[in-house]
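Every chain is numbered from 1, with letters handed out A, B, ... down the list of sequences. Values in this document were obtained by computation on a predicted structure and should not be read as measured data.
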There are 4 protein chains.
Amino acid sequence: MPARERILRAAERLFAEFGFQATPTSRIAEVAGVPKGLVHYHFRRKPDLLTALVERLPDERVDLQRVVVRGDVAESLHRLVTELDGRLSASRVLSHLLWREADTHSVVREALRQRYETLIAQVRAVILAAGVPARSPADVDSASALVARAVSYRHSVARHTEEPEEMRRELSLIASALEAKAGAAEPTGR
Amino acid sequence: MPARERILRAAERLFAEFGFQATPTSRIAEVAGVPKGLVHYHFRRKPDLLTALVERLPDERVDLQRVVVRGDVAESLHRLVTELDGRLSASRVLSHLLWREADTHSVVREALRQRYETLIAQVRAVILAAGVPARSPADVDSASALVARAVSYRHSVARHTEEPEEMRRELSLIASALEAKAGAAEPTGR
Amino acid sequence: MPARERILRAAERLFAEFGFQATPTSRIAEVAGVPKGLVHYHFRRKPDLLTALVERLPDERVDLQRVVVRGDVAESLHRLVTELDGRLSASRVLSHLLWREADTHSVVREALRQRYETLIAQVRAVILAAGVPARSPADVDSASALVARAVSYRHSVARHTEEPEEMRRELSLIASALEAKAGAAEPTGR
Amino acid sequence: MPARERILRAAERLFAEFGFQATPTSRIAEVAGVPKGLVHYHFRRKPDLLTALVERLPDERVDLQRVVVRGDVAESLHRLVTELDGRLSASRVLSHLLWREADTHSVVREALRQRYETLIAQVRAVILAAGVPARSPADVDSASALVARAVSYRHSVARHTEEPEEMRRELSLIASALEAKAGAAEPTGR
DNA sequence: TATGAATGAGAATTCATTCAT
DNA sequence: GATGAATGAATTCTCATTCAT
C-alpha cells in the first residue's frame with residue numbers, strides 16, 4: 001500500500017481514538033510505519049490530513065428511484081436509511097472524528113453541513129416521492145428533520161449502539177404521523 | 001468574585017470557543033485575571049477543570065407535575081422541552097463544550113450519558129402522564145427517543161439555530177402519531 | 001508531639017527515601033500532618049531543615065576507657081565499632097541521607113568531615129591504648145584508615161547489609177597485621 | 001563532535017558539579033551548545049541521560065595475568081589498584097556522580113553493584129594468584145573486602161585526596177596480615 | 001522522493017516562598 | 001503562633017515544522 005494511503009489510515013484511526021490535537025504527527029508516522037519526515041512531505045501541515053480525510057467520506061447521495069416504494073413512506077424511509085448506513089458503516093469512525101473536529105476546522109464543518117443538507121433534502125424527497133397524500137408542507141419538514149437528525153445522530157455520535165429494529169420503529173411512527181395527519185385532514189374535506 | 005470561580009468561568013468560555021486541548025492554562029489565567037500558578041493551585045491538572053465544569057451543569061430534572069397537560073401530549077412535551085431549554089440556555093456553551101470532550105474524558109462522557117438517560121426517562125414519563133390511550137409501549141419508546149434526541153441535539157450541537165416554532169411542530173407531529181396509532185389500534189373502544 | 005518535631009521526622013524520612021531536592025516541602029507538611037505554611041514558619045528555607053537534621057546526629061564520641069582492652073587490639077576495635085554501631089543504628093537513614101547531600105550542602109559536608117576525623121582519631125587512640133608494642137606510626141595510620149573507612153562505609157552507604165561477624169573478622173585481620181609487623185620488627189634485636 | 005556526544009559530556013560535567021536534580025536540561029543544552037529541544041530528541045527524558053552515562057563507565061576488568069606477582073601479595077594488589085585507578089581517573093567525576101544518584105536511580109544502582117562485585121572478585125583472585133600459602137578462606141574474604149572498599153571509596157567519594165603512598169601502605173599492611181596468619185597457621189610446613 | 005536530525009516556540013506542571021488574616 | 005491562598009520563576013517535556021542530504 002502506498003505510503004500516503006498508510007498515513008491517512010493511521011491518521012484516521014488515531015484521530016478517531018485520541019482526537020486531532022492529541023495525536024502527534026510523529027505517532028501517525030509510527031503507526032503508518034513510515035519515517036516522520038514523510039508525513040509532512042505528503043501533508044505539509046497537520047490540518048491537511050483532515051482535509052484529505054474529509055474527501056474520503058463516502059458519497060451519500062442515494063439513487064432515490066431504488067429506495068422509494070410508492071405508497072409506503074415507512075418502508076421508503078427505511079430503505080433510504082439502510083442504504084445510507086451501509087455506505088457509512090465502513091467509515092463510522094471517520095464520520096464521528098470529523099464531527100468532533102468540525103468546531104475548530106471550518107473545512108470539516110462546511111463539509112458536514114453540506115452533507116446534512118443533502119441528507120435532509122433526500123429524506124424530504126423520499127417522503128414526497130412515496131406519495132403521502134395531502135400532508136402539510138410543514139409536516140413534511142418536521143418529519144424530515146426528525147429522520148435526518150436520527151440518521152445524523154447515528155452516524156456522528158460515537159459509541160452509539162442503537163438496535164436497527166428501533167430505527168425501523170421510529171421511522172414507522174413518523175410515517176404513521178404523516179399519514180394520520182393526512183387522513184385526518186383529508187376525508188372530512190378540509 | 002473568588003479566584004476559583006473566575007478561573008472556572010474563564011475556562012468555560014475558552015474551552016467553548018477553542019476547545020479544551022487548544023486552550024492553554026496560561027490563557028485561562030490571563031482571562032481570569034489571576035497568575036498562572038493559581039490555576040494549578042485550584043485545579044491540579046487541566047482535566048480537573050473539566051470535572052469541575054461538569055458539576056456546573058444545571059440540574060435537568062423537571063417537576064413533571066408542572067408540565068404535563070392531561071390529554072394533550074403535544075402541549076405537555078412542548079412545556080417539558082421549553083423548561084429544559086430555559087435551564088440550559090444559560091449554559092448552552094458549557095453543554096456543547098462538554099459534549100465535544102466526552103470522547104476523550106470519561107468523567108464528561110459518563111455525566112452526559114446519565115443526563116441523556118434522565119432526559120429520555122422524563123420524556124417517556126410525560127408522554128405516559130399526558131395520557132394517550134392504548135398506544136403500544138414500543139411506540140412510546142420510539143417517540144421518546146425521537147424527542148430526546150431532538151432536545152439533546154439542540155443542547156449539544158453548536159451553532160444550532162433552529163427556530164422554536166419548528167420544535168413545536170415536530171413535537172406535535174410525534175404526538176399526533178401516537179394518537180393516530182392509538183386510534184388505529186383501538187377502533188372499537190373509542 | 002510538637003509540630004516542629006513532627007516536621008523534622010517527616011523530612012528525615014522523606015529526604016532519606018527520595019532525596020532532598022526531590023522532596024517538596026508540601027509533601028513534608030503532608031506527612032507530618034501539619035499545614036503547609038507551618039513548615040516555612042519553623043524553617044524559613046528548605047535547607048534549614050538539613051541544618052536542623054545535622055544536629056540530630058547522635059554524638060559519636062565514645063568513652064575510650066570503656067572499650068579498650070589492653071593487649072588485645074582486635075577486641076578493642078571490635079568494642080569501639082560495636083559501640084558506634086549502636087549509637088548510629090537509630091539514625092542509619094539520617095546518616096545516609098546526609099552523606100548524599102554532602103556534595104551540595106556545605107553545612108552537611110563540614111559536619112560529616114568532622115565526624116570522620118573524630119572517628120579516625122578514636123580508632124587510632126584505641127589502637128595505641130590497646131598497646132601493640134613497637135609498630136611503626138605509619139602502620140597505625142594505615143590500620144586506622146582501614147577501620148575508619150569500614151565503619152564509615154557501613155554508616156553511610158545505604159542498603160549495606162554486611163554481617164556483623166564479617167566486620168569482626170576484618171578487625172581481627174588488621175589487628176594481626178599490626179601485631180605481626182611488630183613481632184617481625186622486634187625480635188631481631190632492636 | 002556529534003551533538004549527542006556533546007550533550008552527554010555536558011551532562012556528565014554538570015551532573016558531577018551540581019548533581020542530577022539540580023541541573024536543568026536547558027543548562028545542559030546551553031553548555032553543549034545545542035538547542036534545548038535536541039537534548040530531549042536524543043534523550044527522551046532526563047534520567048535517560050543517566051542511563052547513557054552509566055554505559056560510559058570504563059570497563060574495569062583487569063587482565064590479572066599482568067598484575068599478579070607471584071609470592072608478593074602487596075605488590076600484586078598495588079598493581080591491581082594502580083591499574084584500576086588509571087582507568088577510572090579519566091572518569092572520576094562520572095564515577096562519583098553515579099554513586100550519588102544510585103539511591104534514586106535503580107539503573108545506576110544496579111550498575112554500581114555489579115561493578116563492586118567484579119571489583120571484589122578481582123581482588124580475591126589476585127590475592128589467591130599471588131600465592132600466599134595456607135591462609136584461611138575467611139581471611140582472604142576479609143582482606144578482599146578491605147581492599148575493595150578502599151578502592152571503591154576512592155572512586156566514589158568526591159574530593160577524596162588520599163596520597164597514593166598511603167594506599168600502598170594500607171595494601172602492604174593487609175598483605176602482611178595474610179602472611180602472618182599463614183605463617184602462624186603453618187609453623188611446621190614452612 | 002525520502003529521511004531523520006535539528007529547531008524553538010510553547011505547554012503543563014511544580015514548588016519554594018510570601019503574606020494577609 | 002498558624003494557615004492556606006497566592007505568586008511567579010523555573011523546569012521538564014512535546015511537537016509541528018524545517019531542511020540538509
Undergrad: Can you name the residues that form a salt bridge (charged side-chain N to carboxylate O under 4.0 Å, His left out) with C/Glu5, not counting sequence neighbours?
TA: C/Arg9, C/Arg56
Undergrad: Where along residues 41-54 of chain A does a heavy atom fall under 4.0 Å from DNA chain F?
TA: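 Going residue by residue through residues 41-54 of chain A, the ones with a heavy atom under 4.0 Å of DNA chain F turn out to be A/Arg44, A/Arg45, A/Lys46.
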Undergrad: Assign D/Ala3 to base, sugar-phosphate, or nothing according to its heavy-atom contacts below 4.0 angstrom with the strands shown.
TA: sugar-phosphate
Undergrad: Can you check the A/Ile7 CD1 to E/dT1 P distance for me, whole Å?
TA: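 After rounding, the gap between these two atoms is 12 Å.
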Undergrad: Are C/Val54 and C/Leu50 close enough that some pair of their side-chain heavy atoms sits under 4.5 Å apart?
TA: no
Undergrad: Compare the minimum distances between each of F/dT17, E/dT13, F/dT12 and the side chain of D/Thr25, then state the nucleotide with the smallest one.
TA: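 The answer is F/dT12.
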Undergrad: Taking the basic N atoms (NZ, or NE/NH1/NH2) and the acidic carboxylate oxygens, is any pair closer than 4.0 Å for C/Glu17 and C/Arg13?
TA: no
Undergrad: How sharply is the helix from E/dA2-F/dT21 to E/dT21-F/dA2 bent, taking the axes over five pairs at either end and rounding to 10 degrees?
TA: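 Taking five pairs per end, the axes differ by 0°.
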Undergrad: Specify the separation, in whole Å, of atom CD1 of C/Ile28 and atom C1' of E/dC15.
TA: 12 Å
Undergrad: Which residue pairs satisfy the ring-ring contact (aromatic ring centres under 6.0 Å, His included) criterion with at least one member in residues 22-51 of chain B, sequence neighbours excluded?
TA: none
Undergrad: Rounded to the nearest angstrom, tell me the gap between atom NE2 in D/His40 and atom P in E/dA9.
TA: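 After rounding, the reported distance stands at 17 Å.
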Undergrad: Would you confirm whether C/Arg100, through its side chain, and D/Arg100, through its main-chain N or O, come within 3.5 Å as a donor-acceptor pair?
TA: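 Side chain of C/Arg100 to backbone of D/Arg100: no pair is present.
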Undergrad: To the nearest angstrom, how far is C/Glu30 atom CD from E/dT14 atom P?
TA: 13 Å
Undergrad: Taking for each residue the nucleotide of DNA chain F with the nearest heavy atom, is it B/Pro2 or D/Thr23 whose nucleotide lies nearer the 5' end?
TA: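 Nearest-nucleotide comparison on DNA chain F picks B/Pro2.
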Undergrad: Can you list, pair by pair, the side-chain donor-acceptor contacts under 3.5 Å of residues 24-38 of chain B, counting residues two or more places apart and other chains?
TA:
{"unit_1": "B/Arg27", "atom_1": "NH1", "unit_2": "B/Glu30", "atom_2": "OE1", "d": "2.4"}

Undergrad: If I take atom CD in residue B/Gln21 and atom P in nucleotide E/dG10, what distance separates them, rounded to the nearest angstrom?
TA: 17 Å
Undergrad: Please measure how far the P atom in E/dT1 lies from the corresponding atom in F/dT21, and state the result in whole Å.
TA: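 That atom pair is separated by 22 Å.
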Undergrad: A/Pro24 has a side chain; which of F/dA16, F/dA6, E/dT14 sits nearest to it?
TA: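 Comparing F/dA16, F/dA6, E/dT14 against the side chain of A/Pro24, the answer is F/dA16.
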Undergrad: A side-chain contact here means heavy atoms from C-beta on lying under 4.5 Å apart; do D/Leu53 and D/Val108 qualify?
TA: no
Undergrad: Taking CZ from A/Arg4 and C1' from E/dT1, how many angstroms apart are they, rounded to a whole number?
TA: 15 Å
Undergrad: Taking 4.0 angstrom as the limit, do D/Arg87 and D/Glu60 come out as a salt bridge?
TA: no
Undergrad: Is it the case that F/dT17 (base atoms only) and A/Lys36 (side chain only) share a donor and an acceptor within less than 3.5 Å, ignoring hydrogens and angles?
TA: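 A donor-acceptor contact between them is present.
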Undergrad: On DNA chain F, does the nearest nucleotide to D/Gly37 precede the nearest nucleotide to B/Val34 from the 5' side, or the other way round? Give the residue.
TA: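 The 5'-side residue here is B/Val34.
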Undergrad: I'd like to check the ring pair (Phe, Tyr, Trp, His ring centres under 6.0 Å) partners of A/Phe15; sequence neighbours left out, ordered by chain and number.
TA: A/Phe20
Undergrad: Quick one: A/Leu38 CG to E/dA5 P, roughly how many Å, whole number?
TA: 15 Å
